[in-house]
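Naming convention: chains lettered A, B, ... in sequence-line order (proteins, then strands); numbering from 1 in each chain. No hydrogens, no waters, no symmetry mates; every other heavy atom, side chains included, goes into these values.
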There are 2 protein chains.
Amino acid sequence: MPGIWNITAGKPEKMNLLSELHITPKSDAIRKMGEAPIPLGKDDIRLEIIDGKTYIRFQLVRDEKIFGLGLNFKTVEQRGRIMRLHVDHYTGKDDGRNHAPVPFFVSSRGYGALINSARYIDVWVGSSVRKDSKDQSPLRDRTTDKNWRSDQYSDNLEFLVPAEGVEILLFAGPTMLDAVRRFNLFNGGGVLPPRWGLGFWQRVPTPFSADDVRNEVAEFEKRDFPLTVIGLEPGWMSRAYPCNYEWDAIRFPQPETFVRELSDKHIKTNAWFNPYVSPEGTLFNQIEPYTGSHKVWGGIIPDFTMPQARQIYMNHFSKHLLDKGVSGFKMDENDGIDSWLWPDVATFPSGNAAEKLRQLYGSIMQDMTMQTFRQRNQRSYGLVRAGNAGTTSFPYVIYNDAYNHQEFITALINSSFIGVLWTPEVRASKTSEEWLRRMQTVCFSPLAMLNAWSDGTKPWSFPDVADQVNEISKLRMRLIPYLYTAFADYAFEGIPPFRAMNLEEGFHATGIIEEGLLDATENPYAMAVRKEIKNQYMAGKDLLIAPLFAGEKERIVVLPQGKWYDFYTGVFVGESEVITVAPGLDKIPVFVRDGGIVPLWPVMTKITGTDKYPLEVRHYGNKPAVYELYDDDGQTFDYEKGDFSRILLTVEVDKKGQKKGKVTIPKNGKVWSFSACNFRFMTP
Amino acid sequence: MPGIWNITAGKPEKMNLLSELHITPKSDAIRKMGEAPIPLGKDDIRLEIIDGKTYIRFQLVRDEKIFGLGLNFKTVEQRGRIMRLHVDHYTGKDDGRNHAPVPFFVSSRGYGALINSARYIDVWVGSSVRKDSKDQSPLRDRTTDKNWRSDQYSDNLEFLVPAEGVEILLFAGPTMLDAVRRFNLFNGGGVLPPRWGLGFWQRVPTPFSADDVRNEVAEFEKRDFPLTVIGLEPGWMSRAYPCNYEWDAIRFPQPETFVRELSDKHIKTNAWFNPYVSPEGTLFNQIEPYTGSHKVWGGIIPDFTMPQARQIYMNHFSKHLLDKGVSGFKMDENDGIDSWLWPDVATFPSGNAAEKLRQLYGSIMQDMTMQTFRQRNQRSYGLVRAGNAGTTSFPYVIYNDAYNHQEFITALINSSFIGVLWTPEVRASKTSEEWLRRMQTVCFSPLAMLNAWSDGTKPWSFPDVADQVNEISKLRMRLIPYLYTAFADYAFEGIPPFRAMNLEEGFHATGIIEEGLLDATENPYAMAVRKEIKNQYMAGKDLLIAPLFAGEKERIVVLPQGKWYDFYTGVFVGESEVITVAPGLDKIPVFVRDGGIVPLWPVMTKITGTDKYPLEVRHYGNKPAVYELYDDDGQTFDYEKGDFSRILLTVEVDKKGQKKGKVTIPKNGKVWSFSACNFRFMTP
């Protein structure tokens, strides 16, 4: 495929990050991107096999930036860091242990690379200096030279893969977004969630019964809050931690009726589970021969690298969940927190190393469940705690137990480099300010969810901001046509729907390096501190989201090239500059690019999936514009066979500055989700 | 040797933790300990080679406790934890990365084991549960059963060594102290420092010149503060970070004279260095062929696994330092902070893996420098940032850049399980209370040092506690005969001079397990919290040290079996019980066992090394007692050839309770360090 190259060192292991997944590269879309050279010379990549391991070295140049390398929570630019890419819970450090330690990086030189190994991979991202390097920091004496620096310039990006060979995949630019798009398309393109998946989700407390859920839903209706998905936590099962994946007969006496009742109200049901199988259930005896040497919480551990295990598991799930109408899953505890997962000394009946199972487990669980929905021609959307390379097309959004709001946004930004999705879910808050700020950002994320499994919170839990929460969650519902198109661009073009500013053309902001102050304990090497722009991001084609966090009254926003307009008012805010905004508590700052078009549904709290609604098509700024609104049935895979439409929304501007909107539905084109397009020119 | 067994799995690598070190087991002392069975059955250790790695499993039993496994800073008991033993700076977590991640553990069942591999070793210390385990937690449903626990009982201690074979050494008890003693004796016995090493050390600021040091010494003399060693920081060299190990001609125009002047004042000179060689010096060209592929701070990295590299390095050191009278070293930055060390992708001319060099580097540097002093029949004592198994007999105390006072004490406790020494050095403090509390503990540690490299602090920096600091540092000087004997017991018997309470017979305190409270973010699995007794320790045979930390007005002390007495007053404080003490700021609580004997020198601020002083021999409690005071020349290795004395200090108690002291000098026995023994019966 043009713009994608495969380099092989030694004898790569048969099992890699992609080998166990059912993904088909979007070859046509890749071909459509055309030829592109890789900006690397022959000496820019060096490979060696030493001591049973593969050594990989990429040459870095001055000012080159490296992004990606896992779902990091603190840092966006990775140059200068050392990591061990290892599937794990995030425990407060960007050390490579996280929910999606994808060994894919994208370079500001305009290329990307995947180290396709299911081993724990060590990486030194421009942190090590080689003797033979041509570009090195000048030599200084620390005692007498004030310009001595602990961080030496490094022109190396070095990987150590503990296997006697590895496949490396290179993805061409010329822009970083192009490299990311090629990576995503190679992985099957992005997921296109069912339309309901983009609504508002509420997860209920663990011990909730069917009646408790009914009351909860009634409360949402009474208070006029959006609700498209109810998430059931472990209490739906009769045994959990470990799990038997069978409905509890007391709390849920008639699961099928219960799920249908919700469905009749246009509310989908999502069910929690983790992979550890309880002896107290019918799955146990069947799956036992295909489980590993260890247990987690008393549950046995399926060897999902074996087709038999997957088949048995999914048969059970089909019978108990999919047949009953459940729309998707929340797949917990496949990441680890290190303890709550098998140790690396575990053995599995497939003979595959525990290490590889760990790196792949979340990916395979995503694949396995997705296939089961796909067989029913039914799209799903859900949550997962672990992923890796190759999961881009799977209908899962990563979440975790951490809860730092800023870090949640940094993770959202980083997810866009590595082909995964992330939700900054809301659970609880100390203040109503924090509550609202969190609600504002989660509504501009891949999954707008309140997860009340433990706290029992509701969107209206903080009465003094209940109206604002209601408003932002309704805005989320209104934005579905825009977001759905953004996801279609993810699926068809590989463009991340929520993405880092660094992937945006014309965004040149770099971090601020502050000189370090010597402190014998806190900073004995007087290390410099790097402050990055990691609190703003793009949503869809033209929206720039600049959230505020509790305690902030104002913030700066770095605007990429061009003119930008306020989303709410259409007022011009700046052009290629850094602005300061103080929007008050009610609003999350959102800006639209000149010529941006945002189609909005009417205010509603449910999605029927079949009704058509009039669209408000907002245009911002004064540029002529074309927007390709995506539409399909919103729930099946028929779009993959071509059953979808791209409706052209065009705004023309005449010489007098008069604007005119036009809707172009392609010949024989179908329309599923809207009844009319009413243009609204936001900028006078 | 009796009580020590060697188990081999697969084909162990030629290079292991001990293979590169020049150590001779103290076979006679081990034999003297006699035969002892290992309390393990055939099925209690299982070994397998899978996927190129060695899997090791030790069977654990209920209530068994595991100690050791590296220089941990937060925890003493290790059961329940997961670590990757990896030489590194301590960065705030007990995750196996630390300055001495010794793969040696000691079990409360009464044995110890060393996994003798120079690889990074993963270990699951009773944290993983096997399907085939006979002893497991009962199955519970998390949703409905309040007794569900996230921490499941595990009866496994599992190691994963990434090599196709490994040697395991088992050390018999019956007590944990016996197992530790066998381990220490196998490693050559503990170091016996020169007597001056047990005095008071002051490290001066980096840019200090010879004249600055002279002024500093004069100030110590003027203020009547003890001083036995001056530590020079990087400024003694003309190039540092990277280093040339040559005196700076401006700051130190006449190094030999300078060192001799200090020596004439009975002050030894210790010199800082790190292993990275500057091109701006005479060592560079010689060592260059024996250096690795990478650089640190612009310095090249000697491959110390090559004898040539060691020889060249030590020739340079002999010429520039030992010949000039320098008494020892502070060997910095051989641990890493991960960044400031070669990456694992580095290659070395010996062909040895970077990983192994990392695990061994500190050990080999200790060995190499020690050998050089040994060739001169001159004992040394100094500091190092990294060690591992086998360094017990080397004259180095580990230190680091962290500074949490409580953690420093936990590290001191943990050092006693793994055959290394640790200093809770003092650098700076926020308050005079903290300053004094830190001074009190460092004076009851292997190395009583103020490290002012960056802060320029002096013992009298906090005037309101200057008198108390003076007093405690003088007490340190007085205690030298007692501490020197404790170190002799380390050297001859393998008994750690400063040691965990858990190594003390009759100490039965266990941690308190507090039930965990569910919190969706802070504690989503409602994990239990374990509170350990990790703030008291033994010094020498009979002293129990119970430090207070800044902010504390009182504390509890867990007394081992028997009666205990206040060190300062001789008053009875308790018997086999938990007491509460509130000693005020001036004193660090110190207690003496019934029948404890503590020999003290007179108050002095210098040690001549040749003068003899009258000893005050304190006796505590009412038990008859025998104390074997150790004596030798205090500075050479002649003691290894038998040139030492054990002087019996005996206290007899007659029927009326009258005490009588007796001194027995063995026939032909020499006395070096004291002129008389004056008994003082502290307890009436």
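Remark: side-chain polar atoms of B:Thr521 are not paired, donor with acceptor, to backbone N or O of A:Tyr403 under 3.5 angstrom. In this structure, the side chain of A:Glu434 engages the main chain of A:Lys430 through a donor-acceptor pair within 3.5 Å. A donor-acceptor contact shorter than 3.5 Å is absent between the side chain of B:Asp303 and the backbone of B:Gly292.
For A:Tyr120, the ring-ring contact (aromatic ring centres under 6.0 Å, His included) partners are A:His86, not counting sequence neighbours. Partners of A:Ser127 according to the side-chain contact (heavy atoms from CB on, under 4.5 Å) rule, which considers only residues two or more places apart in sequence or in another chain, are A:Ile82, A:Trp124.
With chain A as the partner, the residue from B:Ser278, B:Ala428, B:Pro279 showing the most heavy-atom pairs under 4.5 Å is B:Pro279. Per-residue heavy-atom pair counts under 4.5 Å with chain B were compared for A:Lys131, A:Arg239, A:Glu48, and the maximum is reached by A:Lys131. Heavy-atom pairs under 4.5 Å with chain B were tallied for A:Thr206, A:Ile56, A:Asp519; the largest tally goes to A:Thr206. Residue with the most contacts toward chain B among A:Asp248, A:Ile301, A:Thr291: A:Thr291 (heavy-atom pairs, distance under 4.5 Å). Put simply, of B:Ser128, B:Pro343, B:Gly298, the one with the most heavy-atom pairs under 4.5 Å next to chain A is B:Pro343. Interface remark: of the candidates B:Lys93, B:Met237, B:Glu522, B:Lys93 forms the most heavy-atom pairs closer than 4.5 Å to chain A. Interface remark: of the candidates B:Thr143, B:Val345, B:Leu341, B:Val345 forms the most heavy-atom pairs closer than 4.5 Å to chain A. Top candidate by heavy-atom pairs under 4.5 Å with chain B, chosen from A:Val296, A:Asp344, A:Asn400, A:Asp145, is A:Asp344. Heavy-atom pairs under 4.5 Å with chain A peak, among B:Tyr55, B:Tyr525, B:Trp148, at B:Tyr525. Counting heavy-atom pairs closer than 4.5 Å to chain A, the top residue among B:Asn156, B:Asn352, B:Asp401, B:Asp122 is B:Asp401.
In this structure, the separation between CG on A:Asp151 and CE on A:Met527 is 4.0 Å, given to the nearest 0.5 Å.
Using a cut-off of 4.0 Å between Lys/Arg side-chain N and Asp/Glu carboxylate O, A:Arg119 and A:Glu13 are scored as salt-bridged. For B:Arg358 and B:Asp88, the salt-bridge test passes: some basic side-chain N is under 4.0 Å from an acidic carboxylate O. A salt bridge between A:Asp51 and A:Lys53 is present, with a side-chain N of the basic residue lying under 4.0 Å from a carboxylate O of the acidic one.
Only the backbone of A:Phe159 comes within contact range of chain B, with at least one heavy atom under 4.5 Å from a heavy atom of that chain. At a 4.5 Å heavy-atom cutoff, the contact between B:Arg140 and chain A is made by backbone atoms alone. For chain B, the nearby parts of A:Thr91 are the backbone and the side chain; heavy atoms of each come within less than 4.5 Å. For chain A, the nearby parts of B:Arg130 are the backbone and the side chain; heavy atoms of each come within less than 4.5 Å. In this structure, chain B has a heavy atom under 4.5 Å from the backbone of A:Ala346, while its side chain stays farther away. No part of A:Arg57 comes within reach of chain B, as not one of its non-hydrogen atoms sits under 4.5 angstrom from that chain. For chain A, the nearby parts of B:Ser150 are the backbone and the side chain; heavy atoms of each come within less than 4.5 Å. Residue B:Ala402 touches chain A through its backbone alone, counting heavy-atom pairs closer than 4.5 Å. Proximity to chain A is limited to the side chain of B:Leu518, based on heavy atoms less than 4.5 angstrom apart. At a 4.5 Å heavy-atom cutoff, B:Glu164 makes no contact with chain A through either its backbone or its side chain. Heavy-atom distances place no part of A:Glu233 under 4.5 Å from chain B, backbone and side chain included. Of the two parts of A:Leu139, only the side chain, counted from C-beta on, holds a non-hydrogen atom closer than 4.5 Å to a non-hydrogen atom of chain B. Only the side chain of A:Thr144 has a heavy atom closer than 4.5 Å to any heavy atom of chain B. Looking at B:Glu355, only its side chain comes within 4.5 Å of chain A, counting heavy atoms on both sides. There is no contact between B:Ser137 and chain A, counting heavy-atom distances below 4.5 Å. Contact of B:Ser154 with chain A is not made at all, since no heavy-atom distance falls under 4.5 Å.
The shortest non-hydrogen separation linking A:Pro205 to A:Gly456 is CG-CA, 3.7 Å. Listed here is the closest heavy atom pair of B:Ala520 and A:Asp455: CB-OD2, 3.4 Å.
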Derivation of the side-chain hydrogen bond (donor to acceptor under 3.5 Å, both in side chains) call for A:Glu425 and A:Asn451: CA-CA 7 Å; A:Glu425 65 169 30; A:Asn451 178 8; 3.1 Å; yes
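Under 3.5 Å, the side chains of B:Lys295 and A:Gln136 contain a donor-acceptor pair of N or O atoms.
Applying ring-ring contact (aromatic ring centres under 6.0 Å, His included) to A:Trp272 and the options A:Tyr241, A:Trp236, A:Phe208 leaves one that passes, A:Tyr241. Screening B:Trp453, B:Tyr399, B:Trp340, B:Tyr276 for a side chain to side chain donor-acceptor pair (under 3.5 Å) with B:Asp332, the sole residue that qualifies is B:Tyr399.
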